Structures are given as C-alpha cells and as structure tokens.
Amino acid sequence: MCTTLPDVEIDPDGTFKYILVRVRVKDGEMHKDVVRGTKNAEYHNHIFEKVSPALEPLGMECKCLGGGKIEHNSKEKKIRVFGESTAFGKADHSVSVEKLKSVFSDYEITWSDDTK
C-alpha cells in the first residue's frame, strides 16, 4: 500500500518548508520515506497536520523524521535543500535529496546544513 504513495509532493517553485515523513502500514513492518513541502505552510507542523490525517483512513500511520527548507527553481532546474525545523529537528537532507532525484532526475539538486 505504501508503494502507491508518491515519493515527493512539493510546490513547483519558490522557497518553502518541507518535512521528511516515514509512512508505514499500521501494525506492519513495511514503510516508505516521503518528502512533502509547500509555501502554504507557515510552520513545519502545518504540513504534517495535512499529511497524517489523509493517510489514516488508508490504514497507514506516519512519523515526521525532521524538516528543513527547499528552494525550487523550475526555470533553472535546480533544487537546494537546507535548514531545519524547530518543531521536528533537521531532516536527513541526503535522504530527502535522493527522493527528490528520483522525481526530478534532470535537475541539479544540492543540500547543506546551512540555515539560510
């Protein structure tokens, strides 16, 4: 069931908050890490508050592994992952970048531990 879940759902452009979420089947071992980000979220927990309730009726549960920011420039085909979440801590940006690369394979994607 986790396999049908998109690896990445982010805004098409801009700089915005993102979270790395571990989704798993309730009471099961199978899990998948996904990236979710939007400029509509003032705080990282606003993203999680949308993701978690949407998955529960599907028999899945999720845990936020951390967050940060994404700078997405679709014109130049560049994505930069950086920063951290005050509420959830810093996501493992290297994991997030691998997920992003699977969707944006023709992009230049970088990450750093910089906060800005």
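Just so you know, these numbers come straight off a predicted model, no measurement behind them.
By the side-chain hydrogen bond (donor to acceptor under 3.5 Å, both in side chains) test, S105 pairs with no residue at all, sequence neighbours left out. Not counting sequence neighbours, the partners of T38 by the side chain to side chain contact (heavy atoms under 4.5 Å, CB included) test are D11, N40, A41, I47. Listed by chain and residue number, K101 satisfy the side chain to side chain contact (heavy atoms under 4.5 Å, CB included) test with E98 (two or more places apart in sequence, or in another chain). Among residues two or more places apart in sequence or in another chain, the side-chain hydrogen bond (donor to acceptor under 3.5 Å, both in side chains) test is passed with T15 by none.
F48 and Y43 sit in two unconnected hydrophobic clusters of ILVMFWY residues. Membership requires side-chain heavy atoms under 4.5 Å apart, directly or through other members.
Residue pairs meeting the salt bridge (Lys or Arg N to Asp or Glu O under 4.0 Å) criterion with at least one partner in residues 64-81, sequence neighbours excluded, are E71-R80, E76-K78, K77-D106.
Of the inter-residue distances, the one linking K50 atom NZ with E9 atom CD reads 12.5 Å to the nearest 0.5 angstrom. With values rounded to the nearest 0.5 angstrom, E108 atom CD is found 10.5 Å from N73 atom CG. Atom OG in S96 sits 8.5 Å away from atom NZ in K90 (nearest 0.5 Å). Between the CD1 atom in I19 and the SG atom in C62 there is a gap of 7.5 Å [rounded to 0.5 Å].
For D13 and K39, the salt-bridge test fails: no basic side-chain N is under 4.0 Å from an acidic carboxylate O.
With H93 contributing its side chain and G83 its backbone, the two residues share a donor-acceptor pair below 3.5 Å. A donor-acceptor contact shorter than 3.5 Å links the side chain of K99 to the backbone of D33.
A side-chain hydrogen bond (donor to acceptor under 3.5 Å, both in side chains) with E61 holds for exactly one of R24, R22, H31, K26; it is R24.
The other members of the hydrophobic cluster of Y107, by chain and number, are V8, I10, F16, Y18, L20, V35, L65, I70, I79, V81, V95, V97, L100, V103, F104, I109, W111 (side-chain heavy atoms under 4.5 Å, ILVMFWY only).
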